[in-house]
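Note sheet for the following structure.
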Amino acid sequence: MKSAVETLNPTRVRLTVEVPFEELKDSLDAAYKKINQQVTVKGFRKGKIPARVIDQRFGRGAVLEEAVNDALPKFYTEAVNEAEVNPLGQPEVDITELKDGELLAFTAEVDVRPAIEIPDFSGIEVEVDAVEVTDEDIEKSVEQLRERFASTNPVERAAAAGDVVTIDLEAKVDGEVLPDGVASDVSYTIGSGELLDGIDEAVTGLEAGGEATFSSQLKGGSAEGKDAEVTVKVTAVAARELPELDDEFAQLASEFDTLDELKADSRKRLENMKQFDQATQAQERVLEKLLELAEIPVPEKLLEDEVNTRKHNLEHHQLGQMGLTIEKYLEFQGKTVEEFDAETKDQAVKGIKTQFILDELVNKEKLNVEQEELTEHLMRRAASSGMSPDQFAQAVVQGGQVPMLVGEVARGKALALVVEAAKVVDTNGVEVDLSDEDEEQAAETVEAVTGEAEVSEEK
């Protein structure tokens with residue numbers, strides 16, 4: 001077999017391959033055997049039809065087509081290995097010559113990973129938010145905890161903001177009660193905004209047994225988006241009572257004996273959260289700087305596939321689980337289809353470039369992934385997917401996704417390497433030391449940028 005490679009552009013090559021006909025012998029034998037099992041010829045037992053009879057009855061062309069289809073993947077792979085290219089996705093194959101008994105010639109165009117020169121990233125400088133926890137932050141955190149331990153007690157008075165009312169609802173559109181427009185014994189906290197627009201004003205001031213009618217646009221159901229006349233009847237009013245902020249509350253709501261200890265723990269937790277957010281912000285901004293420094297061409301076909309994958313995942317998985325259509329999602333986001341398409345393309349370009357440059361850095365720095373690191377990453381991914389580690393691991397293995405997980409961990413290590421070399425200062429001008437930051441957190445940052453699709457090499 002002879003092969004040659006021609007570079008069409010930085011991300012695409014054309015392989016030209018010539019195969020002597022004798023190298024098709026195994027595939028020809030397999031073709032005759034396959035056809036033998038599929039056809040019946042009078043006078044011959046199944047599977048025992050001579051090759052010359054198959055040629056006469058079904059045509060030599062059918063045999064050659066079967067043999068070539070069987071042989072092409074093997075010869076293509078040999079040509080790829082000989083040319084030492086890294087193909088992305090499936091090739092576009094064109095048979096240019098097929099002479100029976102003489103020669104098979106074909107071309108294969110395929111996208112390839114571009115050659116990338118890693119820039120000097122030691123001079124990268126970024127600014128991040130300072131880690132500051134105020135007394136107001138502590139009070140808000142403790143107040144949220146206090147809200148969780150609130151109790152409700154029935155009262156004989158008019159409903160007011162913050163009260164919990166039990167209500168019956170009836171919705172009419174064009175004077176007709178909707179089939180799914182009736183609900184009874186609904187518990188609602190006035191001011192929570194969890195039901196229809198206008199309901200807070202309607203129930204405020206009503207006592208048990210009181211009734212009011214108001215107009216509102218329906219947020220779901222058979223008449224979603226339509227204006228409805230809604231009748232609401234209050235059947236019970238209960239006041240929410242918050243526990244006193246004292247040591248007794250601290251003992252009730254936590255493992256601490258005093259309120260001061262509870263507040264100190266809240267401060268520590270908030271600091272940890274803000275430090276995590278600060279590290280993530282640093283990783284994102286360092287990555288953006290790195291991408292700006294490097295010249296990274298993106299294959300057109302790969303970009304098209306990535307955009308389609310992102311749209312499919314959003315529409316059929318994320319939005320599908322929430323019962324939303326892409327049209328309703330864009331309406332909520334206040335975006336046009338054109339704006340959404342442009343944003344998705346920009347995200348896809350960034351994701352592909354991120355994979356390319358971090359993979360190149362992994363190879364250059366010879367970064368390895370240890371079993372312990374892979375296990376930790378797998379457990380985190382399992383937790384985020386709602387599956388047990390065993391279930392997730394089984395799904396990963398069965399789906400052949402282990403290399404994908406290894407790649408995610410390796411890219412996280414590469415990004416951590418760049419962040420460690422960069423200068424990071426907060427908004428107060430204080431330099432932030434991220435040398436000890438968790439590489440797993442960096443892997444999460446990379447995963448968020450690259451999305452669910454994986455740039456795969458297929459030979």
Side-chain angles (χ1 to χ4, degrees), residues 77 80-81 84-89 112-113 116 118 121-122 272-273 275-284 286-287 290-291 294 296 302 306 309 313 317 350-422 424 432-459:
T77 300
V80 163
N81 291 335
E84 296 182 344
V85 297
N86 297 312
L88 300 170
V112 294
R113 280 183 179 266
I116 300 173
I118 301 294
F121 49 78
S122 61
N272 289 338
M273 289 171 58
Q275 284 172 351
F276 184 92
D277 291 342
Q278 184 189 64
T280 300
Q281 190 180 61
Q283 291 159 1
E284 291 171 346
V286 167
L287 177 59
L290 178 65
L291 295 179
I296 311 172
L302 180 64
E306 175 72 356
T309 297
N313 288 342
H317 297 300
K350 184 177 180 181
I352 293 171
K353 286 185 174 183
T354 296
Q355 285 199 36
F356 280 168
I357 194 165
L358 293 183
D359 285 347
E360 184 66 27
L361 193 55
V362 167
N363 294 331
K364 181 181 178 182
E365 298 295 331
K366 297 181 171 55
L367 301 178
N368 296 317
V369 176
E370 303 296 334
Q371 181 62 48
E372 183 179 344
E373 295 170 326
L374 182 60
T375 300
E376 180 184 350
H377 186 64
L378 184 146
M379 293 181 70
R380 184 191 64 78
R381 286 290 301 271
S384 64
S385 69
M387 301 169 67
S388 72
D390 287 344
Q391 288 174 325
F392 187 78
Q394 185 177 2
V396 166
V397 172
Q398 290 178 346
Q401 299 298 302
V402 173
M404 183 188 77
L405 289 187
V406 172
E408 289 173 354
V409 178
R411 291 182 199 116
K413 298 181 76 168
L415 178 57
L417 190 72
V418 180
V419 172
E420 185 176 349
V424 181
V432 180
D433 182 11
L434 296 173
S435 58
D436 294 329
E437 285 305 313
D438 189 359
E439 292 173 347
E440 177 62 23
Q441 185 182 350
E444 291 183 41
T445 301
V446 174
E447 187 185 333
V449 173
T450 56
E452 296 180 7
E454 180 81 3
V455 177
S456 61
E457 296 185 5
E458 298 183 18
K459 295 184 180 181

Quick one: does [X]'s side chain get under 4.5 Å of [Y]'s, heavy atoms only?
{"X": "Phe392", "Y": "Val397", "result": "no"}
{"X": "Phe121", "Y": "Val286", "result": "no"}
{"X": "Val112", "Y": "Asn86", "result": "no"}
{"X": "Asp359", "Y": "Arg113", "result": "yes"}
{"X": "Leu434", "Y": "Glu420", "result": "no"}
{"X": "Glu376", "Y": "Arg381", "result": "no"}
{"X": "Val446", "Y": "Glu408", "result": "no"}

Nearest-0.5 Å distance, [atom1] of residue [X] to [atom2] of residue [Y]:
{"X": "Ile116", "Y": "Lys353", "atom1": "CD1", "atom2": "NZ", "answer": "10.0 Å"}
{"X": "Leu291", "Y": "Leu287", "atom1": "CG", "atom2": "CG", "answer": "4.5 Å"}
{"X": "Ile357", "Y": "Ile118", "atom1": "CD1", "atom2": "CD1", "answer": "4.5 Å"}
{"X": "Leu417", "Y": "Leu361", "atom1": "CG", "atom2": "CG", "answer": "5.5 Å"}

For [X], what residues pass the side-chain hydrogen bond (donor to acceptor under 3.5 Å, both in side chains) criterion, not counting sequence neighbours?
{"X": "Gln391", "result": "Ser388"}
{"X": "Gln281", "result": "Asp129"}
{"X": "Lys413", "result": "Glu373"}

Practice prompt. Would you check if the side chain of Glu444 reaches a backbone N or O of Ala442 as a donor-acceptor pair within less than 3.5 Å?
Written response: no
Worksheet entry | Whether over 12 other heavy atoms sit under 6.0 Å from Met387 CE | yes
Worksheet item: How about Thr280 and Gln441: does a side-chain donor come under 3.5 Å of a side-chain acceptor?
Response: yes
